[in-house]
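Report on the structure given below.
We number each residue from 1, following the sequence as shown. All values reported here derive from a predicted model rather than from experimental measurement.
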Amino acid sequence: MTTQETQSKHARQFGLPVATALVMGNIIGGGIFLLPASVAPFGTISLVAFAVLTAGAITLALVFGRLAERHPQTGGPYVYARAAFGDFAGFLAAWSYWITTWVSNAALAVAAVGYLDVLIPVHESKAATITAALVLQWLPALANLAGTRYVGAVQLVATVLKFAPLLLVAVGGLFFFDPANLGPFQAGGQSGLGAISASAAILLFSYLGVESAAVSAGEVRDPRRNVGRATILGTLGAAVIYLLGTLSVFGTVPHNTLVASTAPFTDAVNSMFGGSWGGTAVALAALVSMVGALNGWTLLSAQTPYAAAKDGLFPQVFGKKRRGVPTVGVLVTAVLASLLTVYNYTAGSKGVFEILVLVTTFTATVPYLLSTAAQIYFLASGRPERVSRSRLVRDAVLAVLAFGFSMWLVAGSGYEAVYQGVLFLFAGVLVYAWMAARKQRDRAGTEA
């Protein structure tokens with residue numbers, strides 16, 4: 001069997017269902033299992049904040065869809081920022097997104113171990129805990145290294161498995177809904193606007209991942225058509241699960257109980273059906289959810305550096321593919337995430353790890369800002385090859401709204417996260433200087 005035949009056997013482009021599953025799986029990791037309890041102290045007014053955020057996420061999804069129609073290449077925000085503002089802006093988008101992926105993978109693995117402990121006690125031994133976290137990271141990495149064919153299969157199966165129990169609560173909970181459980185509309189004694197803003201600060205990052213299909217556009221079949229559709233369908237699907245799930249938990253778990261709950265979906269299942277089997281069921285669903293998210297984020301972690309490497313803005317080793325996957329990007333991301341995970345368990349300082357995780361909420365929004373700004377630039381400059389005249393006004397309104405939503409995400413990160421995140425970005429400037437100089441030398445050598 002030739003190398004090309006081997007590549008085609010293990011590499012397969014994603015259709016619309018898998019691309020949609022990638023978006024939904026990356027948006028919904030494990031946070032949904034804690035969100036209802038996190039916003040319960042503000043009262044049911046938090047559902048209003050959720051609705052506002054959903055509208056913002058959908059506008060962002062629509063902008064990514066329009067950008068992908070004009071730039072259907074792997075890299076997503078990196079491609080858009082570079083096309084509009086040049087190499088430096090493209091590099092910042094790639095660098096910040098790459099930081100987000102490998103730090104988030106470490107966070108997901110650590111969180112997943114907490115749910116695994118419900119099924120298989122591992123926390124009694126630090127060595128067992130670290131081993132479990134590393135296994136949870138490397139299994140998705142191995143699926144990625146096996147080829148895009150297997151990445152898509154794992155993502156589709158994980159999405160189906162994790163949404164079955166979530167839909168059980170989201171839809172089934174409506175049949176057990178008791179308005180008496182809702183508690184006050186405003187529970188915190190704040191003004192309506194203050195309560196919405198405070199709960200939104202917790203919920204702001206629920207929709208990170210809307211860019212997933214755009215980042216992997218090169219692996220999506222008919223990207224000009226399917227990336228936009230997958231982005232919108234995936235975002236809408238996640239929104240329905242979020243909103244119905246939160247509403248059902250609010251209506252099945254008494255407010256006083258929910259405020260103090262550490263496992264709101266478990267409490268909802270136990271309230272609906274009785275018994276105590278809900279804890280095991282929800283822990284299993286959360287574990288599947290996080291493994292699916294790790295699978296998707298591992299793929300994305302390699303795609304942006306791959307696109308940047310092809311343009312000489314990342315080391316060239318990141319630009320090589322095997323079986324449709326940038327293998328070096330996957331390996332480097334898995335190693336960095338593993339080192340951070342081990343550090344988290346051995347250093348004994350949760351604060352450092354929590355700060356790093358918070359930084360990712362800032363670094364993830366930098367590509368959003370650059371992408372929406374790129375769309376505004378394309379519209380304002382009137383470049384006919386990138387602007388649909390028939391949809392100019394609609395596209396302009398969506399781009400401005402998406403830019404405002406991205407700014408809100410940055411503001412919601414908090415001062416410390418923005419401060420630390422800017423330092424991470426500035427560290428990347430040194431890398432850019434080195435790569436840009438090397439690119440210039442290579443160009444000069446070619447011309448000579």
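- Side chain of T252 to backbone of G173: no donor-acceptor contact under 3.5 angstrom is found.
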Original post:
Stepwise, does the ring pair (Phe, Tyr, Trp, His ring centres under 6.0 Å) test hold for F318 with Y306?
Top reply: CA-CA 5 Å; F318 284 88; Y306 167 80; over 10 Å; no
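- Using a 4.5 Å cut-off on side-chain heavy atoms (C-beta onward), T298 and Q137 make no contact.
- In this structure a side-chain-to-backbone donor-acceptor pair under 3.5 Å is missing from S248 to G245.
- In this structure, W434 and L430 have side chains that are not in contact, with every pair of non-hydrogen atoms separated by 4.5 Å or more.
- Here the straight-line distance linking atom CG of L60 with atom OG of S406 works out to 5.0 Å at 0.5 Å rounding.
- The closest side-chain heavy-atom distance from V103 to I99 is below 4.5 Å.
- For the residue pair P305 and W98, the shortest heavy atom distance occurs at CG-CD1, 3.5 Å.
- Interatomic distance, NZ of K320 versus NZ of K310, reported as 9.5 Å (0.5 Å rounding).
- Ring planes of Y368 and F64: perpendicular class, angle over 60° (limits at 30 and 60°).
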Subject >> Intermediate values then yes/no, side chain to side chain contact (heavy atoms under 4.5 Å, CB included), L294 and L139 >> reply: CA-CA 9 Å; L294 278 165; L139 284 178; over 6 Å; no
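- The shortest non-hydrogen separation linking S338 to W138 is OG-NE1, 2.9 Å.
- When all heavy atoms of T372 and A402 are compared, the closest pair comes out as CG2-CB, 3.5 Å.
- A donor-acceptor pair under 3.5 Å is absent between the side-chain atoms of T246 and the main chain of L243, judged by distance alone.
- Defined by atom type and a distance below 3.5 Å, a donor-acceptor pair is present between the side-chain atoms of T363 and T100.
- Rounded to the nearest 0.5 angstrom, L369 CG and L92 CG are separated by 12.0 Å.
- Not a single donor-acceptor pair under 3.5 Å links the side chain of S104 to the backbone N or O of T101.
- In plain terms, the two heavy atoms of A81 and A93 that are nearest each other are CB-CB, 4.2 Å.
- Across A337 and A106, no two heavy atoms sit closer than the pair O-CB, 3.6 Å.
- Across every non-hydrogen atom of F314 and A94, the tightest pair is CE1-CB, 4.2 Å.
- Between the OG1 atom of T365 and the CZ atom of F405 there is a distance of 10.0 Å, given to the nearest 0.5 Å.
- How far CG of D395 is from CG of L379: 5.5 Å, rounded to the nearest 0.5 Å.
- Of the candidates V366, V429, T304, V431, V431 is the only one forming a side chain to side chain contact (heavy atoms under 4.5 Å, CB included) with W95.
- A 4.5 Å side-chain heavy-atom check between S371 and L67 finds at least one atom pair inside the cut-off.
- In this structure, W102 and V335 have side chains that are not in contact, with every pair of non-hydrogen atoms separated by 4.5 Å or more.
- A donor-acceptor contact closer than 3.5 angstrom links the side chains of D311 and Y78.
- Between L136 atom CG and L287 atom CG the span is 6.0 Å, to the nearest 0.5 Å.
- Proximity of V317 to V332: side-chain heavy atoms (C-beta onward) are nowhere separated by under 4.5 Å.
- The shortest distance between side-chain heavy atoms of I130 and T341 does not fall below 4.5 Å.
- Side chain of Q375 to main chain of V63: no donor-acceptor pair is present (N/O by atom type, distance under 3.5 Å, no hydrogens or angles).
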